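Predicted, not measured: the structure shown is a model, and the values here were computed from it.
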Amino acid sequence: MENKSIERLLTLLADKIRGAKYLSEWIIFLLDVIITLIATTIVHYFSLKIFNQQYRQFSFWDLYLLATIGSIIFLALFRTYKGIIRYSALHELWRIVGAMLCRNSLLFGVLLLLKANRYEILLIECLLDFFLGIFLLIAFRTFLVIFYKQLTQNSGKIKEKILVYGVDPRSVSIGALLTSSVFDDYLLMGFISPHSSLHNARISGFDVYQLDGIEKRLVDLHISAVIFPTHDIVRKEQSELVQICLHNRIKMLVAPSIEELGAGRISRNKIKEIQIEDLLDREEIHINLKSISLWISGKTILISGAAGSIGSELVRQLAKFKVNKLVLFDMAESALHDIQIELQDKFPYLTFECVIGDVRSPYRVDYVFRNTKPDIVFHAAAYKHVPLMEQNPCEAVMVNVQGTKNMADFSVRYNVEKFVMISTDKAVNPTNIMGASKRIAETYVQSLDKAIQDKKVKGITNFSTTRFGNVLGSNGSVIPRFRAQINAGGPVTVTHPDIIRYFMTIPEACHLVLEAAHMGKGGEIFVFDMGEPVKIADLAKRMIELAGFEPDKDIPIVYTGLRPGEKLYEELLNDEEFSIPTSHKKITMARVREYKYEEIKDCMELLVQKAQAVDIPSTVKIMKEIVPEFISRNSIFEKYDKVENSCDNK
């Protein structure tokens, strides 16, 4: 019983040590001073034995006092105690060497000045003290590293065996990181080299395996995960290594960014598992951050729909610039509260204000503009789900049309410099209520901009529109839905085996929104290069494989049929539109049919009246008149495709 109690106590002590983040700096500093004094004591003892001489005018305690003072001064100056010892590397050695060199130079100079001994004996003693002190300080750190390593290895925790892709300095650094106690969930087994020239090589004591024949190695070594340095490398290796990992149900991870590694912000949750968006073959998007920063600096910026997928990401990106103030406007209380907490945590010096309100209310919109005086407005508030808007067309009009009109009109009234509307590819040749409502909103802001330029409306605001397709991971989008269905065991539902969509990540879309906003002069509809379209059925299969299952065997895919208003494919331009290039290769400008402001304004007023009265037939008929290319598909509103001229009959 006594042995078991002692064993339990030792186990608890080991767990306590493992759980500790690091030793106190004061403890390290104290131990370093003691170690240097031990070195001085040993050298002094052997000096007496070898040279058989006593210091003539200097006692041992005087020497000890001088050595202590020297250790305290120079160990503090060189900050040898600052590093977390279990992560110590060779580049920290200079601090120890520098501190000991200065300390023993002080000892030698003072002892020589006081004629404590012969010159040559003093030199030998100080050199021995110097080298022994360095040796003991390094030995102490080595002991702690080994001690922590043994504790983590003997913790009884089952570790994931992992390989690092690459043999470049970044990959080697990742490998070193995986051997630290911060990442004690992983057991590094070696590196994967894309180069055949490194056959039978070793890095830091770990084997390097060739990409050729790696599948057998992964199976033989019982590898649980492969970690890649960057997302770009993952995309490049899709044809081979990624497929092997998917086939063998091996997790694929991405290491922390260079910035996080360089700043020392390392933790278990910094290693991310590969998501489907990481595997889309997309070229990295670059924007002119310097010019955007100069443009935004010192401005007050209002973001409507600030708690939504696009709006919240715009807020995060704008928060990185030196803005005067961000105004977050949204009607979703809980979501707005979440982004408020996030900004307080991540951007403590940012000036921002969260305003709960509805873009449909002209009184609330007026209040926001009157009290915040924004310089730039990003209008991202919208209803976006096609099936729901097909069931609620009047609400789509009130938010997407009337809401946009309110935001645009008060931007003019309060002399906003620039208004940027976030639109969608569903506004092109719309087949549903949502797309048609966004197209009407586009026509209003474009015609208002033209009226301002023609001096028909008094104002200074420049209006621009950005048009892009689906964003990966947005609220209610296909990827979160597929992920939930896979987690529930399936089936994964796809509307049609041939349906395709353009996809872009939320950060990519927001980067281009900022770039387009910066370059816009007024009246433009900017169209983003969405890359190659993605077949939704293939997306579902890839997500099932990423989850470690086999499509149509472990997780079935069920085709449910096109929903009301849904297309097989989306377009970024209609047949009558054409695009012209801009200074950014990922952004073009659409040449679209222009509307007269007075006419579109009158039609929109009638449209809003009918929507407020929940007169669905009249609402849909007027939408189809304003947007002649709006032809309903798989919808109860197909019967209204041939309509009378409702606006003229107002």
Side-chain angles (χ1 to χ4, degrees), residues 296 299-321 323-347 350-385 388-389 392 394-411 413-414 416 418-424 434 437-438 441 445 463 465-466 468 470-471 473-477 480 506-507 509-510 513-514 517:
I296 287 177
K299 300 289 178 68
T300 296
I301 303 174
L302 169 63
I303 306 100
S304 70
S309 304
I310 295 293
S312 61
E313 180 61 26
L314 275 173
V315 168
R316 293 183 190 96
Q317 294 191 15
L318 289 166
K320 298 174 184 177
F321 298 102
V323 298
N324 176 53
K325 184 179 183 180
L326 291 184
V327 182
L328 285 60
F329 185 36
D330 205 296
M331 63 184 294
E333 178 206 11
S334 296
L336 194 60
H337 177 263
D338 290 341
I339 192 72
Q340 175 179 291
I341 296 299
E342 182 181 341
L343 290 179
Q344 289 171 345
D345 290 342
K346 294 183 178 179
F347 304 97
L350 175 69
T351 301
F352 71 95
E353 180 181 354
C354 292
V355 181
I356 294 177
D358 192 336
V359 293
R360 290 174 291 192
S361 168
Y363 303 105
R364 189 58 173 163
V365 173
D366 178 52
Y367 171 85
V368 174
F369 278 84
R370 187 173 68 251
N371 286 277
T372 63
K373 299 291 192 300
D375 302 299
I376 302 168
V377 172
F378 289 93
H379 177 49
Y383 280 156
K384 64 180 183 178
H385 294 293
L388 273 176
M389 294 306 99
N392 301 275
C394 295
E395 288 304 302
V397 168
M398 292 307 300
V399 172
N400 294 355
V401 178
Q402 177 64 15
T404 300
K405 184 178 184 300
N406 286 338
M407 293 293 294
D409 289 347
F410 284 107
S411 291
R413 179 180 297 184
Y414 288 99
V416 169
K418 184 163 290 190
F419 180 102
V420 182
M421 175 187 164
I422 311 299
S423 190
T424 170
M434 195 283 280
S437 67
K438 295 294 283 185
V445 299
F463 290 87
T465 298
T466 58
F468 51 90
N470 300 275
V471 286
S474 64
N475 298 328
S477 68
I506 296 174
C510 292
V513 167
L514 292 178

Practice task
Grab the two heavy atoms, one from S437 and one from A396, that are nearest each other, plus how far apart they are.
Solution key: CB-O, 4.1 Å
Exercise for the section: For R364 and I356, indicate whether the former's side chain and the latter's backbone hold a donor-acceptor pair under 3.5 Å. Expected result: yes
Handout entry: Donor-acceptor under 3.5 Å (N400 side chain, Y383 main chain)
Key = yes
Fill in the blank from the handout: Of all heavy-atom pairs linking F378 and A517, the shortest is CE2-CB, 3.8 Å
Practice task
Could you grab the distance from atom OH of Y367 to atom CZ of F329, nearest 0.5 Å is fine?
Solution key: 11.0 Å
Completion exercise
Output for pair (I422 CD1, L314 CG), nearest 0.5 Å, gives 5.5 Å
Problem - Straight-line distance of L302 CG to E353 CD, nearest 0.5 Å - result: 10.0 Å
Practice task
Might you confirm whether atom CD of E342 has over 12 heavy atoms from other residues, nucleotides or ligands at distances under 6.0 Å?
Solution key: yes
Fill in the blank from the handout: In this structure, CG of D375 is separated from OH of Y414 (nearest 0.5 Å) by 15.0 Å
Exercise for the section: Would you name the heavy atoms of V416 and P374 that are closest together and state the gap between them? Expected result: CG2-O, 3.5 Å
Problem - CZ-CG distance between F321 and L350, expressed to the nearest 0.5 angstrom - result: 12.5 Å
Problem - S309 side chain near K384 side chain, heavy-atom distance below 4.5 Å - result: yes
Problem - Donor-acceptor pair, side chain of S304 and main chain of A380, under 3.5 angstrom - result: yes
Fill in the blank from the handout: Value for CZ (F352) from CG (N324), rounded to nearest 0.5 Å, stands at 14.0 Å
Exercise for the section: Count the heavy atoms of every other residue, nucleotide or ligand shown that sit under 6.0 Å from NZ of K346, and state whether that count exceeds 12. Expected result: no
Exercise for the section: Starting from the C-alpha separation in whole Å, work towards a yes-or-no answer on side-chain contact (heavy atoms from CB on, under 4.5 Å) for S361 and Q402. Expected result: CA-CA 9 Å; S361 168; Q402 177 64 15; over 6 Å; no
Problem - Non-hydrogen side-chain atoms of R316 and I339 separated by less than 4.5 Å - result: yes
Problem - Taking every non-hydrogen atom, the tightest pair across S411 and F419 - result: OG-CD1, 3.3 Å
Problem - N406 side-chain N/O to R360 backbone N/O, donor-acceptor pair under 3.5 Å - result: yes
Exercise for the section: Give the C-alpha distance, both sets of side-chain angles, the deciding distance and a yes or no for side-chain contact (heavy atoms from CB on, under 4.5 Å) between L318 and L514. Expected result: CA-CA 9 Å; L318 289 166; L514 292 178; 3.7 Å; yes
Problem - Flag side-chain contact, heavy atom, 4.5 Å: D338 against L336 - result: no
Exercise for the section: Decide yes or no on side-chain contact (heavy atoms from CB on, under 4.5 Å) for I341 and L343, but give the supporting numbers first. Expected result: CA-CA 6 Å; I341 296 299; L343 290 179; over 6 Å; no
Handout entry: Check: N392 side chain, L388 main-chain N or O, donor-acceptor pair, under 3.5 Å
Key = yes
Practice task
Check whether any side-chain heavy atom of I301 lies under 4.5 Å from a side-chain heavy atom of K325, and answer yes or no.
Solution key: no
Problem - D358 side-chain N/O to M331 backbone N/O, donor-acceptor pair under 3.5 Å - result: no
Practice task
Please assess V327 against I303 for the test side-chain contact (heavy atoms from CB on, under 4.5 Å), listing each intermediate value before the final yes or no.
Solution key: CA-CA 6 Å; V327 182; I303 306 100; over 6 Å; no
Problem - Shortest non-hydrogen contact between T465 and S423, atoms and distance - result: CG2-CB, 3.7 Å
Problem - Contact summary for G308 and D330, nearest pair of heavy atoms - result: N-OD2, 3.9 Å
Exercise for the section: Answer yes or no: is there a side-chain heavy-atom contact under 4.5 Å between K320 and F347? Expected result: yes
Problem - M407 side chain reached by V365 side chain, heavy atoms, under 4.5 Å - result: yes
Handout entry: Short side-chain to backbone donor-acceptor contact, T466 and M421, under 3.5 Å
Key = yes
